[in-house]
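Presented below is the structure to which this report refers.
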Amino acid sequence: MPELPEVETIVRGLRRKMIGWKFSRSEILTAKCLRGSRNEFCESLSGRSVVEFSRRGKNIVFHLSGGAALVVHLRMTGQLHLVPPRAAPGEHTQAIFLFAGKREQLRFNDTRKFGRIWLEETGAAGEVPSLSRLGPEPLEISCREFARRVQAKRRRIKPLLLDQDFLAGVGNIYADESLHRARIHPRRNSAELSRAELLRLCRALKRILKAAIRAGGTSVRSYVDSAGLRGGYQNFLRVYQRAGEPCRNCGGALVRETVGGRSTFFCPRCQPESPKT
DNA sequence: CTGCATGTTAGGTT
DNA sequence: CAACCTAACATGCA
């Protein structure tokens, strides 16, 4: 659900409105959405201002005054919404944040309650310690470095792309879409991909992520941005959730199989398991 | 009713 | 150790 492009869209929406806002009171309706104690969290957050926003993988980072960061991971169904003061409280609202001198509230909604929010001290350059194990950002890494990293592993390529410690921000949708555009079977061994295939994959990934950001993300189920708007990239998907439908490249039937425990959509003709060399 | 879906982690096996 | 698998989490939906 929220993967890199969706999280980036949310971060941009928050950044446009909330720089300089000072946290006042917070209402934590579901304690389990927090890492750490509710009191400690609320006390430490109150009085801090938002200095800037960033995104790291699928994590939303509010950089705060006093060398701290508020980090939000939406997992599958989490949403951050900026709402007018009297908006009806949603059934799935887990936390409400109020700001000094502002009428709008920030709400964290999450039907499945897997999303997490936490506060931590940042390093001298604003680094967030708990996010240090994440792999590189796909839009920042060079294709040369990407290829080197992929070839250094001996894993099936799709689960490798989903591994956040290997590469940060790619989820099920964009992994499938990228592999299809690069014409690579999701079970291919990463160490056995050719230079040409690695280059195709890297370029496909970057191109698709950028296009999805431009479209405001993909809304297949519940995703909406901080203003409650749906994305548009679902209209450009070529394989995700299209099992049985014709491949837009070759006309053959797309299939769904499980790879690394995740449903995976691909074209058996365009993405052969054993490509001719 | 049954089973599936998503992201991540924990724990166990090969 | 690397790679891989499964269960767990909570809920809605087909």
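Below, chains carry the letters A, B, ... as their sequence lines are ordered, and counting in each starts from 1.
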Does the distance from a Lys or Arg side-chain N to an Asp or Glu carboxylate O, for [X] and [Y], drop under 4.0 Å?
| X | Y | result |
| --- | --- | --- |
| A:E137 | A:R56 | yes |
| A:R181 | A:E177 | no |
| A:D110 | A:R75 | no |

Let's test your reading of the model: under 3.5 Å, does the base of [N] pair with the side chain of [X] as donor and acceptor?
| X | N | answer |
| --- | --- | --- |
| A:R75 | C:dA10 | no |
| A:R35 | B:dT9 | no |
| A:R262 | B:dT6 | no |

Report the distance from atom [atom1] of [X] to atom [atom2] of [N], rounded to the nearest whole Å.
| X | N | atom1 | atom2 | answer |
| --- | --- | --- | --- | --- |
| A:R155 | C:dC1 | CZ | P | 16 Å |
| A:Y240 | B:dA5 | OH | P | 9 Å |
| A:R187 | C:dC5 | CZ | P | 9 Å |
| A:R116 | C:dA8 | CZ | C1' | 12 Å |
| A:F265 | B:dC4 | CZ | C1' | 11 Å |
| A:N109 | C:dT11 | CG | P | 14 Å |
| A:F108 | C:dA10 | CZ | P | 14 Å |
| A:D163 | B:dA10 | CG | C1' | 15 Å |

Using the side-chain heavy atoms of [X], tell me which of these nucleotides is nearest: [options].
| X | options | answer |
| --- | --- | --- |
| A:R156 | B:dT8, C:dA3, C:dC5 | C:dC5 |
| A:R154 | B:dT8, C:dA10, C:dA3 | C:dA3 |
| A:R112 | C:dA3, B:dT6, B:dT8 | B:dT6 |

Any [X] side-chain nitrogen or oxygen under 4.0 Å from OP1 or OP2 of [N]:
| X | N | value |
| --- | --- | --- |
| A:K113 | C:dT11 | yes |
| A:T77 | C:dG12 | no |
| A:H73 | B:dG7 | no |
| A:Q164 | B:dG7 | no |

5′-ward residue of the pair A:K32/A:P159 relative to DNA chain C |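 Going by which nucleotide is closer to the 5' end, it is A:P159.
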
5'-most by nearest nucleotide on DNA chain C - A:G260 or A:H92 =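 Of the two residues, A:G260 wins.
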
So, A:F114 and B:dT6: ring centres less than 5.5 Å apart, planes less than 30° off, yes or no?
->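 Answer is no, no stack.
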
Identify whether NZ of Lys or CZ of Arg in A:R242 sits under 6.0 Å from the centre of the six-membered ring of A:F265 and within 45° of that ring's axis.
->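 Not satisfied by the 6.0 Å and 45° rule.
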
Is any side-chain heavy atom of A:C267 closer than 4.5 Å to a side-chain heavy atom of A:H180?
->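 Side chain of A:C267 against side chain of A:H180, heavy atoms only: contact under 4.5 Å found.
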
Could you tell me how the ring of A:F99 sits relative to the ring of A:F23: parallel (under 30°), tilted (30 to 60°) or perpendicular (over 60°)?
->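 Rings of A:F99 and A:F23: tilted, 30 to 60°.
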
